[in-house]
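Working notes, structure below.
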Amino acid sequence: MTSGALARVETELPGLPEALRRVGEVILGDPAEAARSTIIALAERAGSSPATVTRFCRAFGFSGYAELRVALATETGRAAQAGWGAGVGHEIGPDDPLDAAIEVMAAADTRLIQDTAAGLDLDVVAQVADAIVAAPRVLLVGVSTSGDVATMLEGRLRRIGIPGWSAGDAHMALSEAALMKAGDVAIGISHRGRTREVMEALAEAGSHGALTVAVTSFARSPLAELADLVLTTASRETTFRLGGLAAVHSQVFVLDAVYVAIAQRTFERTNEAFERTISAVESHRVGRG
């Protein structure tokens, strides 16, 4: 992983062992300084050892500290040039003026999408899109806000002629998953990747030969481990928008990327579907007078 490193560290920090968590906290506290530091200097600031820093690097997919430093330097340089969220934190106080609250939201969401895009594995996006184009059935499973995201993608797929179904109820999801076959695609959406209903449905679909895809912020979560393919999302929490709520925009973005790749692969059919559906609902639009 050479991009989206800071987003991954921020998302997965709470679940790391204490020694690795201290290294992550030092890096997140001043990424630019971490990019300039030697491994010994960083270890001293984290109250750990160079070996611990090396374990931290490998836990996030880097061969060593040198590769992590390059990724940090690239990200901090890009962020500084773009001015993403400069001077804006993650907290919104009860007495903060609305414009300040909106500034925090805009900065967090802008960086969230940038982090998600930077961390996307384009080969996996292409594989998922190819599989969906060829699939007789596509099942989308999510609970709560992730279920809303699943329903949104179902609507988009159906509008371009892709047979997709979303299921947020555990019994319905398992029933649909039990009917899947080789060539079908099952997509499970879960911020932390630990939602039992989503995991059970994906496992059931996979047991019948369907391709399984996990959409999660935690690349080492149980959901990711049982899926054939994994699409990672970023999550930047702000006051009042924690956990899954903070990940909604990145989930939508990742699945939008898949949707666009599908539309590219079915260009003529998609355009024809758009024309027919627009024409069908035209009589329900109020004229401009």
Side-chain angles (χ1 to χ4, degrees), residues 1-17 20-21 24 55-62 71 112 115-132 138-147 149-150 153 166-168 170 173-174 177 180 184-237 243-258 261:
M1 181 184 64
T2 58
S3 59
L6 290 174
R8 283 252 339 253
V9 172
E10 184 173 10
T11 298
E12 300 195 23
L13 189 68
L16 293 176
L20 299 188
R21 187 166 62 248
R55 288 203 310 274
F56 177 90
C57 296
R58 290 175 179 168
F60 286 90
F62 294 99
L112 172 72
D115 287 342
T116 301
L120 259 185
D121 188 324
L122 301 185
D123 289 337
V124 174
V125 172
Q127 289 179 61
V128 174
D130 287 336
I132 290 176
V138 179
L139 175 63
L140 301 140
V141 184
V143 174
S144 188
T145 52
S146 294
V149 174
L153 182 60
S166 64
L174 284 170
M180 303 202 84
D184 293 335
V185 177
I187 301 176
I189 308 168
S190 172
H191 165 52
R192 296 195 178 279
R194 296 181 179 274
T195 305
R196 184 180 300 277
E197 296 90 334
V198 178
M199 292 169 57
E200 289 178 347
L202 219 64
E204 179 70 23
S207 72
H208 296 286
L211 177 75
T212 55
V213 181
V215 178
T216 178
S217 299
F218 292 78
R220 293 171 291 175
S221 64
L223 179 66
E225 289 177 359
L226 68 82
D228 298 314
L229 298 172
V230 180
L231 291 167
T232 54
T233 56
S235 176
R236 297 183 68 82
E237 297 186 350
L245 285 174
V248 168
H249 289 175
S250 59
Q251 290 175 347
V252 171
F253 181 84
V254 165
L255 292 174
D256 241 357
V258 172

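Excluded from the calculations below are hydrogen atoms, water molecules and symmetry mates; all remaining heavy atoms, backbone and side chain alike, are included.
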How many angstroms lie between atom [atom1] of [X] and atom [atom2] of [Y], to the nearest 0.5 angstrom?
{"X": "Phe60", "Y": "Glu12", "atom1": "CZ", "atom2": "CD", "answer": "5.0 Å"}
{"X": "Asp256", "Y": "Thr116", "atom1": "CG", "atom2": "OG1", "answer": "12.0 Å"}
{"X": "Leu202", "Y": "Thr195", "atom1": "CG", "atom2": "OG1", "answer": "11.5 Å"}
{"X": "Leu255", "Y": "Ile187", "atom1": "CG", "atom2": "CD1", "answer": "6.5 Å"}
{"X": "Glu204", "Y": "Glu200", "atom1": "CD", "atom2": "CD", "answer": "9.5 Å"}
{"X": "Gln127", "Y": "Leu231", "atom1": "CD", "atom2": "CG", "answer": "9.5 Å"}

Test log, rule side chain to side chain contact (heavy atoms under 4.5 Å, CB included), inputs Val143 and Val198: CA-CA 7 Å; Val143 174; Val198 178; 4.2 Å; yes
Side chain to side chain contact (heavy atoms under 4.5 Å, CB included) between Leu120 and Val254, worked out: CA-CA 8 Å; Leu120 259 185; Val254 165; 4.0 Å; yes
Which pair of heavy atoms, one from [X] and one from [Y], lies closest together, and at what distance?
{"X": "Ser146", "Y": "His191", "answer": "OG-N, 4.2 Å"}
{"X": "Arg21", "Y": "Pro14", "answer": "NH1-O, 4.2 Å"}
{"X": "Ala234", "Y": "Asp115", "answer": "CB-CB, 3.9 Å"}
{"X": "Thr212", "Y": "Ala227", "answer": "OG1-CA, 3.4 Å"}
{"X": "Gly193", "Y": "Met199", "answer": "O-SD, 3.9 Å"}
{"X": "Ala219", "Y": "Thr232", "answer": "CB-CG2, 3.9 Å"}

Chi angles and distances behind the side chain to side chain contact (heavy atoms under 4.5 Å, CB included) call for Leu13, Leu16: CA-CA 5 Å; Leu13 189 68; Leu16 293 176; 4.1 Å; yes
Arg196 CZ: over 12 foreign heavy atoms closer than 6.0 Å: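 Open.
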Distance-only polar pair, side chains of Ser217 and Thr233, donor-acceptor under 3.5 Å: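 There is such a pair between these side chains.
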Heavy-atom donor-acceptor pair, Ser190 side chain to Thr216 backbone, under 3.5 Å: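 Side chain of Ser190 to backbone of Thr216, a donor-acceptor pair under 3.5 Å: no, none is there.
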Any side-chain heavy-atom pair of Leu112 and Phe253 under 4.5 Å: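 When only atoms from C-beta onward are counted, Phe253 and Leu112 do not touch, as no gap falls below 4.5 Å.
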